[in-house]
Amino acid sequence: MISETQKKELVVKALENRLKAYTPYSHHKVGAALLGSNGVVYDGCNIENAAYTPSNCAERTAFFKAVSEGQYDFDAIAIVGGLEDAEELDFCPPCGVCRQVMREFCKSDFEIILAKDAENIKTYKLVDLLPEGFGPEFLED
Ligand code: THU
């Protein structure tokens with residue numbers, strides 16, 4: 001489990017990352033900050049595309065950046081999101097595809113931190129947001 005201070009730091013980073021989201025189509029901006037077990041924070045934002053389906057969520061941007069740099073173990077992710085002109089953010093839960101990507105690399109107690117701001121934070125474990133998920137162990141001999 002990560003500390004309350006670490007959680008807040010991740011949320012602040014996710015809020016910063018949200019400002020970089022490229023969202024000319026949905027105008028829904030999401031930021032993520034992924035804490036590797038090496039202590040490094042990997043940043044992510046959603047990146048949309050005129051052809052729509054190539055769009056990538058903030059969470060997956062962070063995971064793919066980390067994995068492409070050789071990091072495969074993670075402790076927690078903070079996620080914030082909402083429409084670009086929202087005066088305040090609501091909690092923004094990860095989509096099903098991002099939950100499945102988390103299932104590939106994270107243990108059941110991986111912490112998913114949702115926040116409206118640095119003071120309003122909810123924490124879930126991956127197993128609670130993706131119960132009975134299909135993971136790499138199902139393909140082992
Ligand atoms: N989005 C994310 O970045 N993360 C999620 O888990 C939910 C959705 C993005 C995708 C798209 O760019 C926009 O939010 C609206 O769906």
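Numbering of ligands and ligand atoms starts at 1, following listing order. FYI, the numbering just counts along the sequence from 1. These figures come from a predicted structure and were not determined experimentally.
- Ring to ring, Phe63 and Tyr42 are not that close: their centroids are 6.0 angstrom or more apart.
- Looking at Thr123 and Lys7, their side chains do bring a donor and an acceptor atom within 3.5 Å of each other.
- Heavy atoms of Pro94 approach ligand 1 to within less than 4.0 angstrom.
- Using a 30° and 60° split on the angle between ring planes, Tyr72 and Phe105 fall in the tilted class, from 30° to 60°.
- Here the heavy atom of the protein found nearest to atom 9 (C) of ligand 1 is Asn46 ND2, 3.3 Å.
- Taken from SG in Cys106 to CG in Leu130, the straight-line distance is 11.0 Å, to the nearest 0.5 Å.
- Residue, atom and distance of the protein heavy atom nearest to atom 8 (C) of ligand 1 are Cys57 SG, 4.0 Å.
- Taking a cut-off of under 4.0 Å to the non-hydrogen atoms of Glu59, the atoms of ligand 1 that pass are 2 (C), 3 (O), 4 (N), 5 (C), 6 (O).
- Checked by atom type, the side-chain pair Asn49/Ser55 shows no donor-acceptor distance below 3.5 Å.
- At under 3.5 Å, not a single nitrogen or oxygen of Val30, backbone or side chain, sits near a nitrogen or oxygen of ligand 1.
- Aromatic pair Tyr25/Tyr52: ring centres closer than 6.0 Å.
- Asp109 contributes atom CG, which lies 10.0 Å from atom CE of Met1 (distance to the nearest 0.5 angstrom).
- The nearest protein heavy atom to atom 12 (O) of ligand 1 is closer than 4.0 Å.
- The protein atom (non-hydrogen) at minimum distance from atom 16 (O) of ligand 1 is His28 ND1, 4.7 Å.
- Of the heavy atoms in Ser26, only side-chain atoms (C-beta onward) come closer than 4.0 Å to ligand 1.
- When each atom of ligand 1 is checked for a heavy atom of Cys95 under 4.0 Å away, the hits are 5 (C), 6 (O).
- Protein heavy atom closest to atom 3 (O) of ligand 1, with residue, atom name and distance, is Ala58 N, 3.0 Å.
- The CZ atom of Phe91 sits 8.5 Å away from atom CD1 of Ile121, with the distance rounded to the nearest 0.5 Å.
- Shown in contact with Glu48 at under 4.0 Å from a heavy atom are these atoms of ligand 1, numbered in order with element: 11 (C), 12 (O), 13 (C).
- Considering both main-chain and side-chain atoms, Asn56 never comes within under 3.5 Å of ligand 1 through any nitrogen or oxygen pair.
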